[in-house]
Amino acid sequence: MENPFVFGEPVRGDKFINRKREVERLKAYILSGRNVILYSPKRFGKTSLILKAIEELRNDIIPIFIDC
């Protein structure tokens with residue numbers, strides 16, 4: 001059985017699951033021009049969440065993603 005969890009890199013595609021409400025909220029913030037701070041412990045999916053929102057908005061925005 002393949003391990004369903006991804007470690008050490010952002011989760012993408014079919015492996016990104018169960019964050020629909022958070023993605024929709026983040027997309028709304030992005031489209032309205034609001035500043036957003038995502039705060040949580042390491043490895044809780046902050047980068048994956050941001051990349052998913054940007055991916056879904058690819059026809060509406062020109063994203064600039066800087067990984068610090």
Side-chain angles (χ1 to χ4, degrees):
M1 177 178 201
E2 182 183 345
N3 185 349
F5 301 104
V6 176
F7 297 100
E9 63 186 58
V11 177
R12 295 184 182 245
D14 294 338
K15 294 191 183 269
F16 186 91
I17 58 170
N18 202 23
R19 303 286 297 271
K20 190 169 190 164
R21 183 174 47 191
E22 292 90 344
V23 170
E24 292 302 319
R25 192 172 189 186
L26 185 56
K27 285 171 31 182
Y29 288 155
I30 291 169
L31 291 175
S32 67
R34 292 182 67 180
N35 293 325
V36 178
I37 296 174
L38 295 179
Y39 176 79
S40 72
K42 289 181 178 182
R43 311 262 184 245
F44 269 54
K46 298 176 294 291
T47 300
S48 299
L49 182 66
I50 293 167
L51 292 176
K52 178 68 171 177
I54 289 173
E55 177 186 315
E56 290 187 8
L57 291 172
R58 68 182 169 269
N59 295 325
D60 301 319
I61 64 169
I62 299 172
I64 298 173
F65 177 78
I66 300 171
D67 187 2
C68 298

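In what follows, residues are counted from 1 in the order of the sequence shown.
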Result block: side-chain N/O donor-acceptor pairs under 3.5 angstrom for residues 6-17, not counting sequence neighbours:
| unit_1 | atom_1 | unit_2 | atom_2 | d |
| --- | --- | --- | --- | --- |
| Lys15 | NZ | Glu2 | OE2 | 3.4 |

Only distances under 3.5 Å count here; give the side-chain donor-acceptor pairs of residues 22-42 to other protein atoms, sequence neighbours excluded, each with its distance to 0.1 Å.
| unit_1 | atom_1 | unit_2 | atom_2 | d |
| --- | --- | --- | --- | --- |
| Glu24 | OE2 | Lys27 | NZ | 3.2 |
| Arg25 | NE | Tyr29 | OH | 3.2 |
| Lys27 | NZ | Glu56 | OE1 | 2.8 |
| Ser32 | OG | Ala28 | O | 3.1 |
| Ser32 | OG | Tyr29 | O | 3.2 |
| Ser40 | OG | Lys46 | NZ | 3.4 |

Practice item. Mind jotting down which residue pairs meet the side-chain hydrogen bond (donor to acceptor under 3.5 Å, both in side chains) criterion with at least one end in residues 58-68? Sequence neighbours excluded, please. Key: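 Listed by first then second residue: nothing to list.
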